[in-house]
Structure formats: structure tokens, C-alpha cells
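Heads up: the structure comes next, in C-alpha cells.
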Amino acid sequence: MNKSIILGIESSCDDTSAAIIKGNSILSNIAASQKIHLEYGGVVPELASRAHQQNIIPVVHQALTKANIQQNEIQAIGFTRGPGLLGSLLVGTSFAKSLAMSLDVPLIEVNHLQAHILAHFIEDANPTPPKFPFLCLTVSGGHTLIVLVKDYFDMEIIGKTIDDAAGEAFDKIGKVFELDYPAGPIIDRLAKEGNENAFEFSKPKLQGYDYSFSGVKTSVLYFIQKEIKKNPNFITENINNLCASVQKNIIDILLNKLKKAAEDYKISEIAISGGVSANSQLRESLKKLCLQKKWNYYIPKFEYTTDNAAMIAMVAKLKFDKKEFTDIRTTATAKYNL
Ligand code: KG4
Ligand code: ZN
């Protein structure tokens with residue numbers, strides 16, 4: 001049987017990305033991230049939408065060129081329909097619809113969160129894909145979820161954040177530390193040179209599997225304000241230790257609940273996904289926990305963690321096999337449940 005060739009398009013936030021998948025194997029995965037938001041300390045929706053419009057054609061073109069695929073070889077087009085910023089989603093959605101019409105190929109809508117999770121099934125994401133049922137800690141700038149994945153398209157959220165997402169916590173605390181946006185990768189890098197036990201910050205006392213990160217953020221803010229009064233250079237003099245301590249705090253919170261869920265649900269297949277799963281210490285700590293508990297762990301290849309179109313193409317491929325196509329009159333949606 002010939003392997004299907006599908007174009008995936010992602011534009012839910014501030015990365016414009018296009019990828020070509022053949023079977024389960026990624027031939028290209030191109031992303032243009034938008035630097036314009038740096039000076040504002042966060043994503044400005046209107047600017048993101050405009051940048052997607054500038055980027056989308058060159059990014060799709062590059063994805064085709066790198067994959068050495070002609071337009072007429074594309075058998076379907078997958079696109080992120082939601083959740084995300086509406087103005088950003090509209091760019092990818094409109095482009096995907098127009099191209100699907102002009103090439104006369106099926107259009108396939110993809111849920112961005114499902115895509116973060118199903119990225120594990122891309123051929124080179126893991127040495128072997130997770131086995132159902134598995135638990136997936138999905139941690140990004142907008143979401144923090146513990147998902148029970150029973151099958152490709154049968155997922156149940158068993159835990160979620162009641163306020164900030166984990167990535168948002170990294171980014172907001174990074175702002176307190178006067179770091180650039182997004183601060184997550186910067187904290188990751190600086191933490192490597194720091195002592196994770198240097199400072200202690202608060203931990204939420206929530207029952208069950210839900211998360212909360214706003215208290216952590218506030219405790220860091222108050223601590224910094226107090227220390228700066230005594231020493232105006234406190235942040236710069238302690239930045240590595242601050243990053244290491246905050247990172248440890250967030251990871252402990254994330255993994256404690258994940259561990260509890262795995263024990264209670266008696267599931268020994270454990271995965272992580274989403275932008276925060278790029279965090280090197282989270283990856284290390286998950287590995288350590290799983291080795292200790294004799295659980296199988298699935299940590300996706302780095303390029304499939306933060307927003308990317310490869311994961312969108314992967315979901316589109318799974319739907320293509322089931323002939324689950326989307327009507328051309330579809331519209332983007334900012335909210336989209338799993
Ligand atoms: O999945 P993603 O690219 O976009 C959303 O769907 O939100 O996740 C972006 C988030 C940002 O908050 C960013 O700071 C965080 O992922 N992030 C990290 C790292 N790389 C990205 N957080 C901690 N450590 C990292 N290495
Ligand atoms: Zn994402």
C-alpha cells in the first residue's frame with residue numbers, strides 16, 4: 001500500500017509551521033517563530049495574526065521543498081482548528097481551506113491539544129510509541145492537563161489547572177526575574193548553573209489531580225520584592241539559583257500529581273507533551289521517577305514538544321486513514337475541547 005502524503009499547518013499562537021508527513025514519517029517540519037512579541041513581553045494577538053499572514057506561504061513552500069514533494073502529490077491538508085488565538089487560527093484555517101479547494105483534496109481539522117499528545121505516534125518521536133491506555137501530562141503555555149488516553153481519539157481529562165498553566169507560570173515568573181519572553185527556555189538554561197535547593201517557594205495544597213500555579217507566582221513575587229528592598233542587585237546576583245529553585249518547585253508540583261494519578265489509575269505507561277515538556281529537568285525527573293516505579297516513559301523528541309506542524313500532520317494522517325474529513329465551510333474555534 002502506498003503511504004499517504006499529507007500537509008499539516010499550525011498557526012494557533014505565535015509559531016507559523018508547516019510539515020509534510022508520509023505514512024507516519026515526517027519529511028519536513030518548518031516553523032517561523034515570531035520575534036515581534038519579545039518587546040511586549042507576551043504574545044500580542046493582532047501582531048501574531050499579521051505575522052502568520054506574512055509567514056504562511058514561505059513556510060509551506062519551504063516544507064514542500066525540504067520534503068521534495070510537489071503540490072500535486074499532497075493527498076490531504078490538516079490544519080489546527082483550535083484551541084488558540086482566533087485571529088491566528090483564522091490564517092491557517094483560511095489558507096488550508098483555499099489550498100484544499102484548489103488542489104481538490106480533503107481538508108482535515110485537528111485539535112491542537114490532541115496533536116500535542118498524538119505527536120508521540122510520529123515515527124521518530126520515541127523508540128516505541130506508548131501503549132493504550134497511557135497517561136499524558138500535557139503542559140504548554142495555555143494548558144496543564146493530566147490526560148487518560150484510552151485510544152487515539154478517546155481521551156479523558158482527569159486533572160487540569162484551576163488558574164495559570166505551567167508554561168504561563170514559567171513565563172510570568174521569568175518576567176519577575178526580568179527575563180525575556182518566553183522565559184521557560186531561559187529558566188531551563190540558567191537553572192543548569194544553579195542550586196535547586198537555594199530558595200523555597202510555596203506549593204499548592206489542592207486535593208485530587210488538579211493543579212494551581214498562581215500561588216507559586218505570588219510567593220516568588222513577594223519574595224523578590226522583599227529581597228530587592230535589602231539588595232537592589234538581588235536578582236542578578238542570584239539568577240541561576242532563583243531559576244533552579246523555581247523550576248524544581250514547578251516540576252515537583254507537576255510530577256507529584258502525575259505520580260498520584262498513575263498509582264490510583266494503575267497505569268504504567270507515562271508520557272509528557274507540550275512546550276514545557278521541552279524542559280530538560282522535567283525530562284530528567286520524569287525519567288528518574290519512572291525508572292524508580294518501573295513505569296515506561298515516553299518523552300517526545302525535542303522538535304515535537306513546542307508548537308509544530310508535524311504533530312498536526314500526524315493527527316491528520318490518523319483521521320485520513322479513517323476518512324474523517326472536514327467540510328470546507330468549517331471555521332476556526334478559539335475553544336475546542338479534547
Ligand atoms: O506548546 P507551546 O509551544 O505553545 C502552547 O500551545 O502554549 O508551549 C509554549 C510554552 C511557553 O510557556 C514556554 O515558556 C514553554 O512552553 N517552554 C518551556 C521550555 N520550552 C518552552 N518551559 C520550560 N522549559 C523549557 N525548556
Ligand atoms: Zn501548543
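Start at 1 and go down the list; that is how both ligands and their atoms are numbered.
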Check ligand 1 against A278 and write out every atom of the ligand that is under 4.0 Å from a heavy-atom position of the residue.
20 (N), 26 (N)
Contact check, H116 vs ligand 1, heavy-atom distance below 4.0 Å
yes
So the atoms of ligand 1 within less than 4.0 Å of a heavy atom of G141 turn out to be 5 (C), 7 (O), 8 (O), 9 (C), 10 (C), 12 (O)
For ligand 1, note which part of D188 has a heavy atom under 4.0 Å away: side chain, backbone, both or neither.
side chain
Answer with yes or no whether the side chains of Q114 and Y152 bring together a donor and an acceptor at under 3.5 Å.
no
Should G184 be counted as touching ligand 1, given the test is an N or O pair under 3.5 Å?
yes
Can S245 and Q247 be counted as having a side-chain donor-acceptor contact under 3.5 angstrom?
no
Does T306 reach ligand 1 with a nitrogen or oxygen that is under 3.5 Å from one of the ligand's nitrogen or oxygen atoms?
no
Output yes when K175 and D171 qualify as a salt bridge under the 4.0 Å nitrogen-oxygen rule, no when they do not.
no
Suppose the cut-off is 2.8 Å; which protein N/O/S atoms would you list for the Zn ion (ligand 2)?
H112 NE2, H116 NE2, D307 OD1
Judging by distance only, is a nitrogen or oxygen of G275 under 3.5 angstrom from one on ligand 1?
yes
When you compare ligand 1 with F170, is there at least one nitrogen or oxygen pair between them that comes in under 3.5 angstrom?
no
Knowing that exactly one of I162, D164, I173 qualifies, which makes a side chain to side chain contact (heavy atoms under 4.5 Å, CB included) with F213?
D164
For H112 and T80, does a side-chain donor sit closer than 3.5 Å to a side-chain acceptor?
no
Other hydrophobic cluster members with I30, side-chain heavy atoms of Ile/Leu/Val/Met/Phe/Trp/Tyr under 4.5 Å, chained?
V59
The atoms of ligand 1 lying under 4.0 Å from a heavy atom of G167, numbered in the order shown, are 12 (O)
Flag the pair K288 and E284 as a salt bridge only when some basic side-chain nitrogen lies within less than 4.0 angstrom of an acidic carboxylate oxygen.
no
Steps toward side-chain hydrogen bond (donor to acceptor under 3.5 Å, both in side chains) verdict (H116, D307)
CA-CA 8 Å; H116 271 303; D307 287 350; 3.1 Å; yes
With a cutoff of 4.0 Å, is C13 in contact with ligand 1, counting heavy atoms of the residue only?
no
Proximal atoms of ligand 1 relative to H112 (non-hydrogen, under 4.0 Å)
6 (O)
May I ask you to list the residues sharing a hydrophobic cluster with L90, side-chain cutoff 4.5 Å, ordered by chain and number?
L86
Under 3.5 Å: N/O of A183 near N/O of ligand 1
no
Indicate, as side chain, backbone, both or neither, the part of D307 found under 4.0 angstrom from ligand 1 when only non-hydrogen atoms are considered.
both
What atoms in ligand 1 come closer than 4.0 Å to a heavy atom of P182?
14 (O)
Between K293 and E263, does any NZ, NE, NH1 or NH2 come within less than 4.0 Å of an OD or OE carboxylate oxygen?
yes
Applying the side chain to side chain contact (heavy atoms under 4.5 Å, CB included) test to M155, which of L113, V149, T138 qualifies?
V149
At a 4.0 Å threshold, what atoms of ligand 1 neighbour a non-hydrogen atom of G142?
7 (O)
Validation: residues 183-192 side-chain donor-acceptor distances under 3.5 Å, sequence neighbours left out:
unit_1 : atom_1 : unit_2 : atom_2 : d
D188   : OD1    : S280   : OG     : 2.5
D188   : OD2    : S280   : N      : 3.0
K192   : NZ     : S280   : OG     : 3.2

